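Here the structure is laid out as structure tokens; the discussion comes afterwards.
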Protein chains: 2
Amino acid sequence: MASIKDVAAQAGVSVATVSRVLNSHPSVSPDARARVIAAVETLGYRPNAVARSLRTDQTRTLGLVISDVLNPYFTELARFVEEEARALGYSVIIGNADERPELQDHHVRTLLDRRIDGLLVSPADGRSPLTLDAARGGTPMVFVDRWVPGVDVPVVRADGREAVRDLVAHLHGLGHRRLAIIAGPAATTTGHERVEAFREALREHGLALPDAYIGQGDFQADSGRRATERFLSLPEPPEAVFAADNLMALGALDAIRARGLRVPDDIGFAAFDDIPWFVHTDPPITAIAQPTAELARAAVRALADLIEGRPPQSVTLPARLVVRRSCGEPHDEPHDEPRGESRGAPRGEPHADRGREQRRSTP
Amino acid sequence: MASIKDVAAQAGVSVATVSRVLNSHPSVSPDARARVIAAVETLGYRPNAVARSLRTDQTRTLGLVISDVLNPYFTELARFVEEEARALGYSVIIGNADERPELQDHHVRTLLDRRIDGLLVSPADGRSPLTLDAARGGTPMVFVDRWVPGVDVPVVRADGREAVRDLVAHLHGLGHRRLAIIAGPAATTTGHERVEAFREALREHGLALPDAYIGQGDFQADSGRRATERFLSLPEPPEAVFAADNLMALGALDAIRARGLRVPDDIGFAAFDDIPWFVHTDPPITAIAQPTAELARAAVRALADLIEGRPPQSVTLPARLVVRRSCGEPHDEPHDEPRGESRGAPRGEPHADRGREQRRSTP
DNA sequence: CCTCCTCGTGGAATCGATTACAAGGAGGAT
DNA sequence: ATCCTCCTTGTAATCGATTCCACGAGGAGG
């Protein structure tokens, strides 16, 4: 592969001049510039990013460590992160922790070894010392979605408290009283925050959240399945189950279906994180949607600010409840309402069924 | 951040010795080795991968350019690719082309600039000259899933021909005669191969595939929606629709639902690519499943072979039909069969509903 | 006791860029 | 004509590693 020396030789100038042309430094004569450009063209030269990074001590690369690529929420996040980063002139390297702390460490280490300019982390485990060392060691870092309390790192996340309150009001309004939750790992903020928000919302309705109604999950489908099986085996099983992420929701649905039960007739159901498929499940699933694109953009901007020496901003955006049919039919709608063509969604709507959905802001 | 010089100074040896210890070169005295290791420890030294890459001319990194991260099939592929690569001592950088040729070019260029050791590509557009130039330019490359004919690059892919034939037999057996397909872009191999397989299978049953029954999609949900709307507006709409990937399937379901039609009663439905959610849709969707993990592993191994100078192997694995209920109830099963606990799947089954599924190999 | 090998070690070149510094030439002001 | 600027250019140092080569010490063999 051609190097800068080859270009210099071909253009009859020194490597310094070639470099100046490449970096659009002003003091290069039009003649030299033209000759360099021609040489670059004929040789098909592309600067070696590795060498450049070594010299300039910057890679124009961001690391993104997410907890689980197979989780559509994180996939979407990753996609928007890359988009915004590209707009700001950065590349993104994704590390998938698979909800395993040691894998998270592996990726953080690898990314640090590659001297990425900054790190976007959604910690699978807040206790990993490696990540915190990196932050203290001066690596620009921003937490997305999940964070670690007590560390001086900007946080970009969604606040589901209001939406959870709306959800509980919705469930309560439909007559459900025994409400259970499948929680994420306690080592993650999203793991216990969602439980606390749920517990608090229940209290507002004079309801308790017994331990038996808290399933310990790990944000993976299997744990949702197991927790739900346990719920259903209880002498007094819950009337509605709330899964704290969409993968555990998948597992929970598996378990409910395996029992031969029907949602919402036999049991109400809702999930955190909204994904396109929730419109097409049987029945469509009531979910709490996060503003993923905005989160991604805010996180990248905060990280870029940190890297480029501007003051970064922590951001918290509200999640919102999207009501569908998995908790029961709303009272004000007839049960066997005809579904004609007239109900078709207008063009441009991302999902046709959204016409039936009700969005809640505050009750 | 500490460099190799700092370690050398701390250990009282030269940088050469430090480097030898780091690369476990045999001729280092036990004493020196111990001092270096201690120095590395106290300084928290980690070798700079950028500098190392510049010198050794290898990055131990693979590039993976996929057509769309939001497509669960590719996400899964990416996950397994990273897993296998990690096992072989490589990192992976993912580039998401979003089905846009110019974005694919952007990522290929960026990855090449970073001097990745090899490239795994699922071409969004076979006509992109950049990718082919790279292949001819000597960059180790392997095509996954999609490929470009007439280029000397190993291909790892699934062959859906048999499974499509099984699907058509299944549809025919359920009485469907007017069958339509939502195709992917003609510029991709998977785009036209699936149509050809479908057409051929229809011919075996004496059925034709009129142009009106071929929807031109682009592997994105929206195109599936539009194609399906067009099908349903036909004077003689198809009795069953086959979507060539899971995202177009999502769009197609949106369109069917918007019309107030029911699957499978009003229209039969099937899709290429099986995803976990297909078990929980209304109704569960009959799909053609690809052996994603095996494809990913084979692709990474082929690429590693190429990089490390061994002869690489092209691999083609069969896809297989997974029958659920979206094409109609199988004749030999009662329609309103009771769903008791006895039908629950055994523990350990990834998805509970699989108990109901029938796997076909050949009709 | 001398020679030859082996082993451990350090010096220095190298990878491909960027950039500080010096130097040469052109042009304007005096 | 001389001096001073400004503009352009090249030489060489540098980033942090790896690795070739040379050198000295020490042991084996003659």
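By convention in this document, chain letters (A, B, ...) are assigned in the order of the sequence lines, proteins followed by strands, and residues within each chain are numbered from 1. All values reported here derive from a predicted model rather than from experimental measurement.
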Please assess A:Arg114 against B:Thr61 for the test side-chain hydrogen bond (donor to acceptor under 3.5 Å, both in side chains), listing each intermediate value before the final yes or no. CA-CA 11 Å; A:Arg114 279 166 192 266; B:Thr61 302; 2.5 Å; yes

Starting from P on C:dA26, measure out to CG on A:Asp31 and report it in whole angstrom. 14 Å

Are OP1 or OP2 of C:dT19 and a side-chain N or O of A:Ser19 less than 4.0 angstrom apart? no

Does the distance from a Lys or Arg side-chain N to an Asp or Glu carboxylate O, for A:Arg100 and A:Asp125, drop under 4.0 Å? no

Return the value, rounded to whole Å, for the distance between atom CZ of A:Arg60 and atom P of C:dT18. 14 Å

Have a look at the helix from C:dC1-D:dG30 to C:dT30-D:dA1 and give the angle its two end axes make, five pairs each, rounded to 10 degrees. 60°

The criterion is side chain to side chain donor-acceptor pair (under 3.5 Å); which residues satisfy it with B:Arg310, sequence neighbours excluded? B:Asp305, B:Glu308

How many angstroms lie between CG in B:Leu64 and OG in B:Ser122, if you round to the nearest 0.5 Å? 8.5 Å

Categorize A:Ser29 for me: base, sugar-phosphate, or nothing, with a 4.0 angstrom heavy-atom threshold over every strand shown. sugar-phosphate

Does either side chain, that of B:Gln104 or that of B:Thr131, offer a donor lying less than 3.5 Å from an acceptor on the other one? yes

Do A:Arg146 and A:Ser67 get their side chains close enough for a donor-acceptor pair, meaning under 3.5 Å? yes

Length of the line joining B:Asn23:CG and D:dT19:C1', which is rounded to integer Å: 10 Å

Rounded to whole Å, CZ of B:Arg46 lies from P of D:dA17 at a distance of 11 Å

In Å and rounded to the nearest 0.5 Å, what is the CD1 to CG distance from B:Ile94 to B:Leu62? 11.5 Å

Pick base, sugar-phosphate or nothing for A:Val18, based on heavy-atom distances below 4.0 Å to the nucleic acid. nothing

In terms of side-chain geometry, is the basic nitrogen of B:Arg157 or B:Asp145 positioned less than 4.0 Å from the acidic oxygen of its partner? no

Tabulate atom names and distances for all N/O pairs under 3.5 angstrom spanning the protein and nucleotides 11-16 of chain C.
from   : atom 1 : to      : atom 2 : distance (Å)
C:dT14 : O2     : B:Arg55 : NH1    : 2.8
C:dG16 : N2     : A:Ala51 : O      : 3.4

Could you say whether A:His25 or B:Thr17 is positioned toward the 5' end of DNA chain D, judged by the nucleotide with the nearest heavy atom to each? A:His25

Under 4.0 Å, heavy atoms only, any strand: does B:Val13 hit a base, just the sugar-phosphate, or nothing? sugar-phosphate

Taking any heavy-atom pair under 4.0 Å as a contact, classify A:Ala32: base, sugar-phosphate, or nothing. sugar-phosphate

When rounded to the nearest 0.5 angstrom, what is the spacing between CG in B:Leu247 and CG in B:Asn71? 4.0 Å

